[in-house]
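Here is the structure we will look at, set down as structure tokens.
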Amino acid sequence: MSVIVQANPFDFFADLTGAPLSEGYVWIGQANRDPRQFPVTVYADENLMIPVAQPLRTNAGYIVRNNAPTFVYIAGDYSVLVEDKMHRQVFYVPGPFQTESNAFTASIATQVSSVAQLRLLDKRIYRNASTQGYYTAGDGANADYWQDINDTTSTDNGGTIIVAADGARWKMKVNGRVKSQTFGILTGSSADQSVQVQRAVTVGCTNYGGVDFQPGQIRIDNTIKFPNLAYDIFGSSGTRTEFWTDTENLKMFDFTLCNGPAKTMQRIGFTKITPGTYAGIVGVYTENTNGLYMENCWSRGLFTGLRYHGSFINMNNCAFEYNYFGVYCDTKAQETTWLATTYYRNEQVDFRLTGDNSTFKSIGSNHIGTRIEGIRLDDCTNAQIFSVSCEDSSPSNGFTPNLLRVTGISSGNIVTGFSSSQFGRYGIIFDGANVKKNIVTGINIRNTPATGNRGIRCLSTSENYFEGNIEGVEAGVEFNSTSDGFKGKISNCSVGSMITVANYCSLDVKNSGNTIDVQQSGTTILYLKGFTGDPTGFSAVPYIVSATAYGTTVEVLSMPTGLSWKKGDRAVNTRNPTPGTPKAWARLTTGSSNVLGPDWYSEGNL
């Protein structure tokens with residue numbers, strides 16, 4: 001003889017209007033027969049020792065005994081007839097029923113103070129439950145759960161699935177993203193919350209579209225890894241949500257291989273608990289990551305705020321403060337736009353790029369209090385950076401920062417729209433023999449003249465081109481190089497420009513209104529007032545008038561016989577426009593050979 005529990009369809013009894021059935025009648029009889037005519041014995045205990053009289057009575061939708069919800073027990077199959085208090089039939093089910101234990105009842109909803117109390121509920125009585133908090137009532141982790149009676153295998157994840165002491169699987173009713181509090185994440189605690197955070201991220205991002213993190217500081221001592229899916233990670237819109245750590249060499253948030261659907265992270269911060277040392281900590285680490293959008297995020301006091309490795313990330317209104325490196329991009333970045341991004345007093349470099357063939361539509365503005373370098377291109381080729389603004393980067397704590405530095409093996413890079421003010425040493429510095437054929441246009445450099453500061457300085461470089469305006473520095477341009485060029489306006493400078501050991505440097509400075517000091521090997525060879533043309537002794541040297549990614553145009557007296565050129569370059573005969581002489585020469589090859597025919601093509605005579 002089997003003993004059977006009554007489950008669905010009788011979790012709850014309603015009257016004919018759908019309201020909870022009160023003062024109702026329930027008869028239980030033989031399967032496929034009228035329960036009033038052929039009743040079976042109903043018991044109050046699982047051992048079938050205490051009979052209960054029929055009909056059973058209901059209150060608020062539940063079978064009751066002594067006015068309290070109760071189980072009743074039946075041996076074998078049965079039928080069920082339910083009537084309201086007026087003895088009108090609500091329904092009749094002839095059976096038979098195949099159920100999983102021995103109790104007949106409608107399940108009861110209840111409220112508990114914590115998840116720990118939820119784990120102690122009796123699965124035979126309760127099918128729905130609400131928690132008032134995770135650890136204690138009122139801690140912000142209130143949630144609604146339902147018991148999945150068909151699930152006996154799911155693993156407890158500490159949030160959306162809770163496995164009770166009796167094996168019941170309680171599943172959270174989630175509307176949209178999960179709340180971080182419902183995974184037991186604590187703010188302001190010195191205890192590591194990595195396990196809880198990882199569970200929330202894995203479950204929330206995989207099944208519910210993301211996570212809403214509560215306000216406050218959350219300590220993590222292990223890396224949080226994100227799945228390759230579409231999701232939103234939101235911090236608090238009021239008090240900030242900030243992750244903090246002191247664990248050395250920790251990648252706090254890791255988006256490695258998240259190269260699929262779009263994902264968003266907003267209002268999330270990263271910081272070091274104990275300031276003063278950087279300990280190799282990275283706030284956000286990306287590797288082969290595409291489609292990540294960051295807004296109103298920040299890092300403070302870390303080794304690197306954002307490590308950008310072969311990824312495509314857009315940012316808006318983010319901040320990198322007091323880090324060793326603000327942003328370090330070491331491989332190709334494609335079509336990236338960082339709007340309104342601020343850098344403040346980072347120790348070494350605000351933004352460092354070593355990734356070839358990268359395109360940044362913007363890398364942010366407001367490099368405030370830069371200590372060593374604002375932007376550094378190091379061993380970088382064919383990168384394009386647009387709309388660079390470095391404002392108010394005045395010297396601080398004895399540091400004399402440079403705003404744009406290009407060094408290492410760097411060529412073919414294009415920076416468009418470079419604006420800066422209030423810097424300590426150099427607005428732009430190009431350094432090294434392997435820095436060549438780079439272009440910076442749209443320059444607007446402003447500063448207060450100070451000993452040693454320069455608008456642009458080139459050291460042992462070649463074939464770089466600069467165009468724009470320089471105002472209010474000691475020297476507008478200082479070239480200790482072989483073939484670099486500047487075109488634009490230099491004004492309100494102590495010394496307009498300085499050329500040292502520069503056999504092929506060129507200047508086209510219009511209406512400067514200042515003394516132009518041209519030097520070679522430290523010996524002054526020329527002073528001019530209101531310089532508007534070519535300095536004596538350099539008239540035969542080509543100077544650049546325009547440059548693009550596809551070629552450089554220079555003005556010359558005759559066909560070039562020196563320097564290295566690339567296919568697509570063009571030399572225009574504007575220095576010696578004699579009738580019958582060629583009007584221009586077009587470059588056919590790349591290299592240092594300069595022979596009419598194979599290397600240069602005459603475009604016809606004047």
Side-chain angles (χ1 to χ4, degrees), residues 348-349 352-354 356 372-383 400-415 418 423-441 443 445 452-468 470 473-488 490 495-509 516-526 535 537-538 540-544 547 552 554 560-566 569 590-592 594:
Q348 283 292 315
V349 184
R352 183 177 181 183
L353 175 63
T354 59
D356 296 343
I372 302 298
E373 294 169 3
I375 302 163
R376 179 170 180 171
L377 307 186
D378 192 356
D379 292 327
C380 180
T381 61
N382 300 321
T400 52
N402 311 308
L403 297 187
L404 170 62
R405 184 175 185 182
V406 181
T407 187
I409 303 174
S410 297
S411 63
N413 300 295
I414 299 175
V415 179
F418 180 83
F423 52 89
R425 181 59 58 88
Y426 307 117
I428 299 173
I429 179 170
F430 281 25
D431 186 5
N434 292 313
V435 176
K436 57 181 65 177
K437 295 184 181 294
N438 301 287
I439 300 169
V440 184
T441 63
I443 295 171
I445 294 177
N453 67 17
R454 306 283 186 264
I456 301 172
R457 189 186 195 200
C458 290
L459 300 174
S460 304
T461 58
S462 60
E463 301 177 74
N464 300 289
Y465 171 70
F466 306 90
E467 181 179 303
I470 302 173
V473 295
E474 183 184 52
V477 176
E478 179 183 356
F479 286 162
N480 178 3
S481 51
T482 58
S483 56
D484 297 307
F486 172 82
K487 180 179 181 179
I490 298 176
V495 178
S497 58
M498 301 170 63
I499 301 179
T500 308
V501 194
N503 295 328
Y504 298 105
C505 286
S506 59
L507 294 174
D508 180 11
V509 183
I516 301 300
D517 184 357
V518 180
Q519 299 179 352
Q520 183 164 352
S521 299
T523 303
T524 300
I525 60 173
L526 178 68
F538 288 85
V541 178
Y543 67 88
I544 301 172
T552 300
V554 301
T561 58
L563 304 180
S564 294
W565 304 86
K566 65 180 179 181
D569 289 345
T590 297
S592 57
N594 290 280

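These numbers come from the heavy atoms of this one structure, side chains and all, not from hydrogens, waters or symmetry mates. Bear in mind that the values here come from a model prediction, so they are computed numbers and not experimental data.
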Contacts of type side-chain hydrogen bond (donor to acceptor under 3.5 Å, both in side chains), residue N413, not counting sequence neighbours: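 N438.
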Side chain proximity check, [X] to [Y], heavy atoms < 4.5 angstrom:
X    : Y    : result
I456 : I443 : yes
E467 : V440 : no
R376 : L353 : no
F466 : C458 : yes

Derivation of the side chain to side chain contact (heavy atoms under 4.5 Å, CB included) call for F418 and T441: CA-CA 7 Å; F418 180 83; T441 63; over 6 Å; no
Can you tell me how far [atom2] of [Y] sits from [atom1] of [X], rounded to the nearest 0.5 angstrom?
X    : Y    : atom1 : atom2 : result
L377 : T354 : CG    : OG1   : 10.0 Å
N464 : K437 : CG    : NZ    : 9.5 Å
I428 : R454 : CD1   : CZ    : 14.5 Å
D379 : T407 : CG    : OG1   : 7.5 Å
T461 : N434 : OG1   : CG    : 11.0 Å

L404 and I429: CA distance, side-chain angles, deciding distance, side chain to side chain contact (heavy atoms under 4.5 Å, CB included) verdict: CA-CA 6 Å; L404 170 62; I429 179 170; over 6 Å; no
Side-chain donor-acceptor pair present, R457, Y426, cut-off under 3.5 Å: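 Short answer, yes.
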Results of side-chain contact (heavy atoms from CB on, under 4.5 Å) for S411 - residues two or more places apart only: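 So S411 forms a side-chain contact (heavy atoms from CB on, under 4.5 Å) with T381, K436.
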